[in-house]
Structures are given as C-alpha cells and as structure tokens.
Amino acid sequence: MSAIRTLLARPWIWSYIGALIVWLAAITFTGGYGAGGMITAALSLAVFMVIVGIGQMFVITLGPGNVDLSLPANIGLASAVAMKVMGGSNSMIAVGLIAALASGMAVGAFNYLLIRALRIPPIIATLSSSFIVLSIDIAYGRGLQIKPPPAFADFTNIQFFGVPILAIGGAIFAFLAGIALQRMIYGRSVLAIGQNMRAAWLAGIPVERIRFFTYTLSGALGGINGALLAGYFRGASVDIGNEYLLSSIAVVVIGGTSVAGGKANVPGIWGAALFLVLLLTMLNTFGVSAGVRLLLTGLIIVGVITAAGGQKALR
Amino acid sequence: MSSAASAETLSRSGFRSPAFARLLRALLPALSMTLILIAIAWLNPRAISYFGFSLMLNLAIPIALATIAQMFVITVNELDLSIGTFVGFVACVTATWLRDAPLLGIVVLLGSIGVYAALGALIHLRNLPSIVVTLGMSFVWQGLAILMLPKPGGKAPDWLQAFMSLKPPFVPFPIIAAIVIGLVVHFGLMRTSYGAVLRGTGGNAQAIRRAGWSILKTKVTMFALTGVFGVLSGMALVGITTSADANLGNGYTLLAIAGVILGGGEFVGGRVSPIGAVIGALTLALAASPLLTFMHIPPDWQVAANGAILIIVLAARALISRREGDR
Amino acid sequence: MSEGSPVIVKLDGVERHFGAVRALDGVDLVVGAGECVGLVGHNGAGKSTLMHILAGTGTPDRGTIAIGGTLETAYSVARAQKLGIRCVFQELSLCPNLTVTENTRISHAALKGPGWRQRSTALIRAKLDEIFPGHGIDPSDVVGDLAIGQRQMVEVARAFTVTDEPLRLVILDEPTSSLDAHTAGQLLAFIGRARQQGISTILISHVLGEILSTCDRVVVMRDGRVVASDTASSFDRDRLVGTMGGARHRDGDTATRARTRGQTPVKVRARPRNQQGSAELVAHAGEIIGLAGLAGHGQTRLLLDIYGASTHRRPGVEIDDPVALVAGDRQTDGIFPLWSIAQNIGIRSLAGLKRGWLLSAEREQALARAWQAKIGIRTPDLDNNILSLSGGNQQKVLFARALGSDARIILMDDPMRGVDIGTKLEVYDLIRAEAGKGRTFLWYTTEMDELSHCDHVYVFRNGRIVADLAHSELTEEKVIQSSFEEAGDRARERAS
C-alpha cells in the first residue's frame, strides 16, 4: 500500500497512467482490435520524441530561459546529411551516423557560442541559429531524393515480439541518461545550475563548461534523431523535424521536469511521449478530425501545466 | 562592478556614459534597417520606388502588428509562443464568419481577446511559465483554425481587402500604416500614465505592488492587448492574401519575437520600444521580401538572412553593452 | 516632545513569527506628530519586520495597529498609503527601466490624465531640489542609468512628495547607507525641517551619530522586543551600544593569540581593482584575515575576484591553493533550495564523492554526517530539504560545504548575517581550529566583534584598502575612523 503511495507521489507516474487510460479508451472503442499493434506503433513513434526530449530536458533543467528552439532545423539538416553521406550504400551507414552526429553537435556548439559570445538569451540564440541552419538545410538538401541504405531502413524497423529495436535502444538510452542526471557529476552540476547559477559557480561548478556540454548534447541528440527519422521514414526532408519543436518541450513538461529548472525527470519523458502518441492514436481511432486532435493536445498541455503549476522561477 | 560603475559615473557626460550607450542602442534598429535599404538600393536601384516599397513591404503590416502583440507580453517578462497560430486562427475567422456572418465573427474575435486576457490571469494567479501555457495554446488555436477551414480557402471581406490595398499618394500604404502603428502604441505604452505602470511591472513588479497597483490587472491588460493586436494582425494578413489558410501565421511566432529583439527590446526588465519593434518588423519583412530574389540571393537563403541580421544586430548590441560597463 | 503632540501611530503587543522564530515578540511603539524616532538594534533585532508591518507589507500574528487614534482592522499597503504612511525600504523599490518622473508617477495614483508627465516632473524636481540641492539628477533620467547613491536620493525624495493623499509618517530604513557624507547630511537636515511641518519620521540607521544628532527619541530593539525608549538627549553612544547588547568587551583569549606574520608561506596576494598606491591584501597560511569597513565598499568584490582567480587568471590576484567561498547572502549565493542537506554539503566535493564513474550516496552521507557532528547542524535527517533548517543552520551547511572540501583557502562573505549568537560562537571556534590546522581564512564582516578573531585586518573604503591593522593595533575606533575618514565629496560614485 505504501509502495503504491510512494509511486503515486512521483510526478512521472501520471504520464504513464494517462498513457494507459488513452490506450484503454482506444482499444475499448475498437473492441480490443489492434491493441498490440497500437503499442508497437506508439513505441516506434515515441522513441523519436524521447531522444530529443532528453536533450531538451537537460537544456531546460539549466534554468529559466534555457530552451533549444533549433531542434527542428537541426533534425532536418542532420537527416539530409545522413542520407547524403550514406548515399544509399550499406557500407557507409556508420559514417553517415557519425556525420549526422557531428552536424548536430556543430549546431549545438554554435548555439552555445551565440549565447556566450553575444550574451543573448538562449531562446533567441537558438532561434537565430535555427534560421541559419534551416537555410543551410534547404540549400544543401535541395531535391535530395536519396533513399536510406536498405540495411539502415530495415534496422530502424526491426521488432522483437512487437517491441521496436529503436524503442529498446531508447529505453537503454533513457536509463543511462537517468544515471547521468542523478549519479554523475555532470547531472548534479546541471541540476545545481538550474536552481541557482550564481550559487553553482560559487560552489565550484564549471558553469560554462557544463552549459556548453549541455547545448552540444542537445544538438547531438537532434542530429542522431534526424538520421534515425530519415531511416524510419525512408528519406530526408526539410520539415521532418518540425513537430519536434513543440513535442520536445511538451514531453519534458508533461513528464514532470520543472520549467523553472533544477528539477528533471527522465522516466516521465517516456511516459509523456507514449501519452502524446497514444492520445493521437486514440483520437484517430475515434475518427476525429485533425483540428480536434490539435485542440485536445493543446488543452491537455495547458491543463497539465495548470495542475502541476506554481513552480515558476524565483527571479 | 564598483570600479567600472564609478569610472562610468565619473564620465557621465562623455561618450562612455550610459545615456550615450542607450542612445546608440535606440538607434541600432533604425541603423540596421538603413543598412539593409542601402544594400537593396545598391543591388537594385529600381526597388527604391513607390512600387518597390509597396511590393517589398507587402507583408510588413501583419508582421509589425504581430510583433507589437508579442512586445506587450515581453514587456511584463512573459512570452507568447502561440501568436503565430493565433494570427492564423484570426485569419480563418475573418475569411469565413466575419464575411458571412459579421456579428458572429465579431463576437468570436472579441471572445478570443477575452481568452488572451484569461490566460494572463491564469498565468499570473497560478504562477505558470508562460512559455508552456502559450505552447499549449498554439495547438489550440491551430486546431480551431483547421476545424474552421480544413482546406485553404475563404475570402476576405471586401472592405478589408479594399482597405489593405489602399494606394495613397507619394507614400506607400505599408509605410504610413507602420508609422501610425508605431506612434499609436508608443503613445499608449510610453507616454500615458498607466503605460508607466504597465512597463514598471516588467521592471520591478514588487515595487509596483507595493505602490498599491494590481499586478493581476497589469498582466491581464497586457495579454488582452496582445490579443487585440493579434486580431489586427490576422485581419491585416487576410486583407492582403485575400484568402485564408490555417497555417498562414505559423511563421509569425518566431518572426515576432525576433522583431521585438531587433527593435531593441529585452526579454526581461520591461525594456521595450514600440517604434523599435515596428522597425524591427520592417527590417525582417525587407530581409524576407521577394525582392531578395532579384538581388541574387537565392530564396534558400532568405531565412538565413533573417537569422544573420538578428545575430549581427545582437552582436552590435552586445558590443555597446560592453562599452556600457558590464552592467 | 512626544508628550502633548497627537499620536500618529500606536502599535500594541505586535507579534510576528517565522516558523519557530519569533521575529517580533510583543512590540509596543508610539510615534507622535512631527516626531523623529530613531530605531536601532543589531542585525536580526526585528527592525525590518516591524517596519514592514507598519508599511502594510507584513501582517502581525497578534497585536493591534492604530493610526491617528483609529484602530485598523484590515491594514494593508493601500490603507497605509491612504493614511499617509510611506516607507523607503532597504531594497531599492524603484523600477530601473522607468525614468525618475515615471517612478514618481508609480507611487501617486493622482498623477494621471493629460499633463501628468509635467506635473510629476515638477513634483519630483522640486522635492529633490529641496532635500538634495545640487543633486545633478534630471527627472528624465532612466533610473537604471543612475549611480546607486542617486537612486537612493530619488527614492527618498519620492517618499516625501505629496499629491492628494496626506503625508504623515515616512519610514527611512538605512537611507544613508549608500549616500556620501554630504548628501547624508542634507537628508538629515531635511528630516529636521520636515518635523516642523508636522511630518513624522522613523529613522533606522547603523550610524549611531546620525540617530543621536537627528532624532527626538530613540527606540532600541533586541531579540524582537523594544528594550529601551527614551529621548535622544538621554543617550550617548556608549549607552546606546550597551543597550543594543553589542558591547561585549574583548576578552584576553583572542588577544593572546596575536602572532608575528610571515612565519608561514604567503597564500593569497590581491589588489583591489581601483587601488591606488601599493597597498594589497596578503594572507599567509593559517591566518585569519579580516576585511572591514562599511558594507558595500568593495570587500565582496575583492573576495569574488580572488574566487574567480581560482579558475581564470586575473591581474593583481595571486593564489596558491584551492579556494572555497562561504556565501553571506544564502538565498542568492548559497543554498540549492530543491536539494537535501546532504546534497547541499556535498556539491563542492563531487569529485571526492565518486566511486568509479558514479557518485556514491554513502560517501555523500558520510561527508555530511562527519560535518554535522563537527559543526552541529540540528536536523533529524540529513536527507531533509535544506529549507527545513533555520537560517543559522542553513549557514552552517554552507560552512560545512566549504570546510568539507579540499579548499585550503576559505573566503567568507559576511557569512554571519542574520545568524543567532549561539551559532556564531560555535562557528568562531571552528574557524580558529581550522586555521590552526593551516587553512587560510579571508573574512569580510560588518560586525566589529568578529574582527577581534582576525590576525590581521584590512579596512576598505570606496573599493580600496585604506588601512592595514595588525591584531595588536586593532581597535573599533581605528576601524571606524578609517571607514569614515574624508568620506565626503566623491563618495557618491561609490557603487555596491
């Protein structure tokens, strides 16, 4: 009993409960038809949100005003880079992945450079760099019709007993990110900076190095995500990352991470991603229109933050 | 701090004085727009004409209005990530209900301003991060827009079309409109007595509260004003494009933020400039104008031009601030 | 003088609790019309809490407030304003993004409609001219551009402006702390003139001379109570200090430990940024070095420069060992409010808490427990949130964080602010013990008593070292003298 109570006291549990409810609602509607397939599909789509969500989580945890708005452009560019470097050839898969990673890291490092050198708020720095990255992507990826190498496309679609291999990888990655957050100096430093940057500096934390690393990490995860998305959807495109601007922030917030910084939650990101994807699945099975889907998604985000509420930064 | 600050005050009248740096910063938006204009004139002298400006600044009015809308919330240290989809929503309402059933259209538009006011109250009372609330609202507005107009279509009311395509003598309509918008908002926010209270909320909310003003009221006022200018922006946009699309305003969220910052505004501290914001919006409109194509800048790089301008202006401002003495 | 004149404010049995702490423990206070009341007391005596209650920004847990003879049941900021009670708080309450004129408008609801700007400008200009002739402030200046002393002048002048609401009482909480001697004198003279117009003032100041020369009556607070209230003429400096409970004469035990310098290697050598001449701060291993002078005269700045030099080289600063800093302003510089006590202690020592790649919870606990025992942090569980501790115990956590680390040089930024005397005595002992083990302490303090624990004291004024006193030559008079000497003309430029 007390075990349940401590479980319920954890903020992230609610995102899983929400995911479970929408799933049950969906399969009740279909009379149990496609219950497993729904989960498989949800896992495959949720993992992309989780990858960028974790990067965004570390960034948001750095404190008020920290957010990475360059993710969509970053993802788009990395998808193009990956496809071009792989060139449809199986032997180039690893090189392509590294190239996508490097592209993402470059975007992240550039973001940090703008923040540091121009002393501008991260939200504007990542916004301006996203404009530039977007243009590079449009110019670079023009008319890019390269398909991913067959082995790579197949890999992104492998399933074990209905569980996509990417979801397994995503779960392992989330586990490691959780360890890094709570049990490693890096995570502790991020949490400290998010609570009070000045106090963190005075407590001997290399604040700027940690911030640099965090923005680069977010960029790197965006890069990887771009490559994987291109593999999964069999081709790169400029707008392949568009939905991840809002959804990466949404999964972080619904997952119980504080927008005021200093408090993060990794398991909640998986729950929130499943919740958002299953919610869309449920609404699809109900046959509602795209407009209602968006409307409900928005109302739920507002509702969740209102319920969680009262945790804005003390400036 | 102490050494820099005292050296600063010793030479208060000189070029290093804060007042001078402030002046320089205030001129920066106009300066950056002038530079762009010079570049355009150099690359394509024909663009500097009545027709050229009308074309280049075609979409400047809705962008300027959306930027002003964003500026209001930024004044009280909040941010609106939903202004773009809100503009799209308003465009859809204008192109359908406002034309076919004007009364219903007016009620809906007024109601949406009410929603903005209510959001301001919610954000203040529950102490919520405005970024997340407005992020959620951006889905809501987009959803409503799609429900209303699943496919691009509708038609702007004739009076609106006629108004937006006015051709006044000598000075192109967008320039006149921009001047009017800038001056009206400047007067309202910078010159009126309640405007001082509204800006003070961004500067030192506690001081405003201690002086007996209601922060709830100032925040609600600012969010409502954001709604009002969002509505104006959507209507202006549809007046130009003549038909609507649920995604019409999506790019405006980021453009509006960029416009405020280009115009000399700051994210926190209630330091904004309405005239600067309008100039910032015009700069962005010029940078993204179709004329860039004639200027041998391929369309691919138009977005980058916006980003680059933003970065250059911010770099210049950082340089000025450094002169100001790390304050 | 208060006899006979009508009573403006009457507080009876006012109590205010913060958790278990009794900030106010039954305070009675009477202020008559045209009376200037001096309010003195040590840090944490309850002065500020009392003034917040009077200004309507705080509500008493018990007791009554009567203004002008009427009992106030629903007292608030708005009510206080309506009744003509103004307050100049220690934290500046101006909006930095607005002009002086606009800031004046903020505090006057009546300044509206056409022409409000002209009226507001005239109002504040007249008052500035009246109080601070030659102030050099233009009402169209943006407040953020003004020097801190000028902001203080604006704030004071604004409190004395009158539109349609009456002005009966102005509370001035340390109004001279950022003014130079000249402008402070102007202000004190003005208070005298305001008295004749029937405006009462409550003056809070650490500068006892100001209180004695300006006020009609002096109220002394200690531990949340009023311990004395008498005409100013019946007090002198010694009696005032004695009543505040601050005059514990130095005991022999600290005096005996004076040592000759230079027996141990130099660990810190630092020059303040705008120091003229050759003076610099020098600390040898095992020394406790005091940084004295009035608050905000560059002591913190120098400590931060020294701290910063541990990661980036800075001209004029040499350090020879790892550095840790004990913050004085716990909320902004010290604690991590979302974390447990143990996590707050361990953050400075993360590298030492690793087992393999990961941080070890046991090691963190062990470190925290060791220092809990050493420094006496009173808590049932080190996993409790840091905010569950009282202010004094939070401060002990910050000491534990620094002393538990590998740092050999400990910088202390007036860390005893608002800390109870019991905690202080414990920490003093600990500091001496650690210095005995060879650690070097740089201790900025605003309390005279604490300087007696130092081997060597540097006195700061206007961001510079102006005196350099060995333990044997240290007297309160010398410190005060160097802090104030010729603090006249240009001190307006002094920044925090």
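A note on names: the letters A, B, ... follow the listed sequences, proteins ahead of strands, and every chain is numbered from 1. As a basis for the values below, the full set of heavy atoms in this structure was taken, side chains included, without hydrogen atoms, waters or symmetry mates.
Residues B/Ala281 and B/Thr67 approach most closely at CB-OG1, 3.5 Å, considering heavy atoms. Considering all non-hydrogen atoms of both residues, B/Leu135 and B/Phe139 come closest at O-CD1, 3.4 Å.
A heavy-atom distance below 4.5 Å is found between the side chains of B/Glu78 and B/Ile123.
Of the atoms belonging to A/Leu246, heavy atoms from both backbone and side chain fall under 4.5 Å from chain B. For chain A, no part of B/Leu125 is nearby; none of its heavy atoms comes within less than 4.5 Å. B/Ser138 touches chain A through its side chain: at least one heavy atom from C-beta onward sits under 4.5 Å away, while N, CA, C and O do not. Within the 4.5 angstrom heavy-atom criterion, only side-chain atoms of B/Ile261, from C-beta onward, approach chain A. Of the two parts of B/Leu122, only the side chain, counted from C-beta on, holds a non-hydrogen atom closer than 4.5 Å to a non-hydrogen atom of chain A. Using a 4.5 Å cut-off between heavy atoms, A/Val253 contacts chain B through its side chain alone, with no backbone atom that close. Neither the backbone nor the side chain of B/Leu81 comes within less than 4.5 Å of any heavy atom of chain A. Contact annotation for A/Leu299: both backbone and side-chain heavy atoms come within less than 4.5 Å of a heavy atom of chain B. Proximity to chain B (any heavy atom under 4.5 Å) is shown, for A/Ile300, by neither the backbone nor the side chain.
Side chains of B/Thr226 and B/Asp80: no donor on one and acceptor on the other come within 3.5 Å. No hydrogens or angles considered: nothing links the side chains of A/Ser218 and A/Tyr112 as a donor-acceptor pair under 3.5 Å.
Of the residues listed (B/Ile257, B/Val272, B/Leu254), the one engaging B/Gln70 in a side chain to side chain contact (heavy atoms under 4.5 Å, CB included) is B/Ile257, and it is the only one.
In this structure, B/Met148 places its CE atom where more than 12 heavy-atom neighbours from other residues, nucleotides or ligands lie under 6.0 Å away.
For the pair B/Thr253 (side chain) and B/Ser82 (backbone), a donor-acceptor distance under 3.5 Å is absent.
Of all the listed residues (A/Val133, A/Ile249, A/Ile123, A/Leu69), the one sharing the greatest number of non-hydrogen pairs under 4.5 Å with chain B is A/Ile123. Contacts with chain B were tallied for A/Leu295, A/Ile301, A/Thr297; A/Leu295 has the most, counting heavy-atom pairs under 4.5 Å. Of the listed residues (A/Ile124, A/Val302, A/Ile120), the greatest number of heavy-atom pairs within a distance under 4.5 Å of chain B belongs to A/Ile124.
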